[in-house]
Amino acid sequence: MNRINQKIKEGKKILSIYFTAGYPELNDTVRILEELEKNGVDLIEIGLPFSDPLADGPTIQESSTAALKKGMHTELLFEQLKDIRKSVSIPLIIMGYFNPVFQYGVEAFCKKCHEIGIDGLILPDLPLDVYQSEYEVIFKKYGLINVFLITPQTSDERIKQIDDASNGFIYMVSSASTTGTTKGFGEEQQHYFDRISAMKLKNPQIVGFGINNAETFKQATRSAAGAIIGSAFIKHLTSHGVDAISKFVKSIR
Amino acid sequence: MKYHADEKGYYGEFGGAFIPEMLYPNTEELRQNYIRIMEEPLFKKEFDQLLKDYVGRPTPLYFAERLSKKYNTKIYLKREDLCHTGAHKVNNTIGQILMAKKLGKNRIIAETGAGQHGVATATVCALMGIECVVYMGEIDIARQAPNVARMKMLGAEVRPALSGSRTLKDATNEAIRDWINNPVDTHYIIGSVVGPHPYPDMVARFQSVISEEIKWQLKEKEGVENPDFVVACVGGGSNAAGAYYHYLDNPEVGIIAVEAAGKGIDSGESAATSALGKVGIIHGSKTLLMQTQDGQITEPYSISAGLDYPGVGPMHAHLFRSGRGEFISITDDEAMKAGLLLSKLEGIIPAIESSHAFAILEYKKFRPDDIVVINLSGRGDKDLDTYINYFEL
């Protein structure tokens, strides 16, 4: 069984952390992963930086630009991760935009992920229909879970389609926004969380966008299986460095 | 071979909608409605009326006698430079503002590089009394002050794009991010035949008025609808898409696309996407784009801000790949010379984008009885500073 499915089966609310590979320093990747696991994080999304991250707000954009400037690239990330399964056992997902994966070659990329022990991919700009017609076969061949996004604007009909196409979890974007908003969750979000919960989807949902502290984590995971923190963690890395990861994780739960 | 978009927005292998789910409802709403709305008689009537009375269409098809004599062939200029706001861009913004109204949107966003599309968008927003936000790279804001002032006079808010390289591609990213954050009330007016489906097809349809007019104008002047060649410059490719549109399926009409070679194709400072690009995804479309081996999008260069885009519309990628179009790249120097020549021979100062199209006359030999239509996409007023500095006028 894929580590993602296993982790979800444990039943504990999942705390997932996103960070940009190559940030704050080019070779921090492995240390960040080890620190996150050591401090009780359940799932990690490793961001493969892209020059034009359409769905991201300023914090993740800036970390991506900085990582690329320092020399991060796809092959280097794989090189950094080659022995990661010797020290990290929680599920690992690579999150990035489709173009760098497409240039690497989708099959070659998936094969490499499989060899390293990556459990899934999140590629927000790879649309559902293209995934199904061209790439699903490859993902399955290498045992990779593809994670799709839904938003408050996604219709029930499409959510059902996405649920059918998913085999790990659904990434539930909390509001109509790019990453890094800090508005908190109001009535609108609660209504949306309830609506999705009432749909009784076969895949669990993990909420992302707008989670930045213990309170929003708690709110998001009331009905969902877990929550993802990205921008808030990157901001913390920027001001406090890799040494203070433990402090950040403890502030969430 | 088909050269128009199919139902899913593909031109051959290029096109489609590679967008994050956050954009799916917006583009889907547009996709489901754009053709139906464009074919409504009332919409057509309003569009045609505005093109006639407000934009000043039909634009003349002018026989350039002295230029023809110099190059020993028959050259006609399609005078898009005479459109209100000084370029073809307004054909699209008129169409899209009417589309936005039909869809019940009350806020418009747009991206702009040199500011031409921004001005054309701000203009139609003023005309309709709709709120307008234009994203523009911080670097472009500094180097295109007059257009920034125009947009402000027209009541638009100009927001600087501070991310990445702070030019057109980043302004486009920012506009897309704005749309993600405002999915219900906002329409995004893209300025070229780029972006996710249905934009390339919708923009091409709005610009297709250019070749629709060429057909009957040429019939009046030469007794035939079809020229031997249609020539246009290509950045994203909207003026070219409009000039080619009604000739795409007619193999007797040669299609020539002129890209900006900048300081030379191998100089590292170029915008010649067909020569330097590889297949990839940019702004939601699968097309040819300039990128690193690793798939990071690179910054193009051209003296002409309007051709300074790292990708090309999927229609043009397909025309290139299939061999239907002949692609020629022209350097800064060649374009500037051609602009000066047109000014002196015909009394028309072209936009530097359009100058690239004229520069091919030095390299491409046409027969004396060939009819060559060159799309003069914009006028040169906005480029006066560049001309002044280049020629030390």
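Source: prediction; values computed, not measured. Naming: A, B, ... by sequence-line order, numbering from 1 per chain.
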Return the minimal non-hydrogen interatomic distance between A/S51 and B/I297, and the atom names on each side.
OG-N, 2.9 Å
Among B/L289, B/N173, B/D178, B/L162, who wins on heavy-atom pairs under 4.5 Å with chain A?
B/N173
Does the distance from a Lys or Arg side-chain N to an Asp or Glu carboxylate O, for B/E28 and A/R158, drop under 4.0 Å?
no
Residue pair A/V130, B/K286: steps toward the side-chain contact (heavy atoms from CB on, under 4.5 Å) verdict:
CA-CA 11 Å; A/V130 177; B/K286 190 177 198 180; over 6 Å; no
Note: vs chain A, highest number of non-hydrogen pairs under 4.5 angstrom among B/T298, B/T172, B/I281, B/V184 is B/I281
Among the options B/T292, B/I176, B/N181, B/I282, pick out the one with the most heavy-atom pairs lying under 4.5 Å from chain A.
B/N181
What residue in A/D129, A/T74, A/L128 has the most heavy-atom pairs under 4.5 Å with chain B?
A/T74
Does any heavy atom of chain B fall under 4.5 Å from the side chain of A/I150, the backbone, both, or neither of them?
backbone
Tell me the closest heavy-atom pair linking A/P49 and B/Q296, and the distance in Å.
O-NE2, 3.1 Å
Considering non-hydrogen atoms only, spot the tightest contact between B/D294 and A/H73 and give its length.
OD2-CB, 2.6 Å
Contacts with chain B made by residues 55-65 of chain A (heavy-atom distance under 4.5 Å), listed by residue number
A/A55, A/D56, A/Q61
With heavy-atom distances below 4.5 Å as the criterion, would you say the side chains of A/N99 and B/F18 are in contact?
no
Close approach to chain A in residues 191-202 of chain B, criterion heavy atom under 4.5 Å
none
Closest-packed option against chain A by number of heavy-atom pairs under 4.5 Å, given B/R177, B/Q293, B/M22:
B/R177
Flag the pair A/V173 / B/E21 as yes when at least one side-chain heavy-atom distance between them is below 4.5 Å, and no otherwise.
no
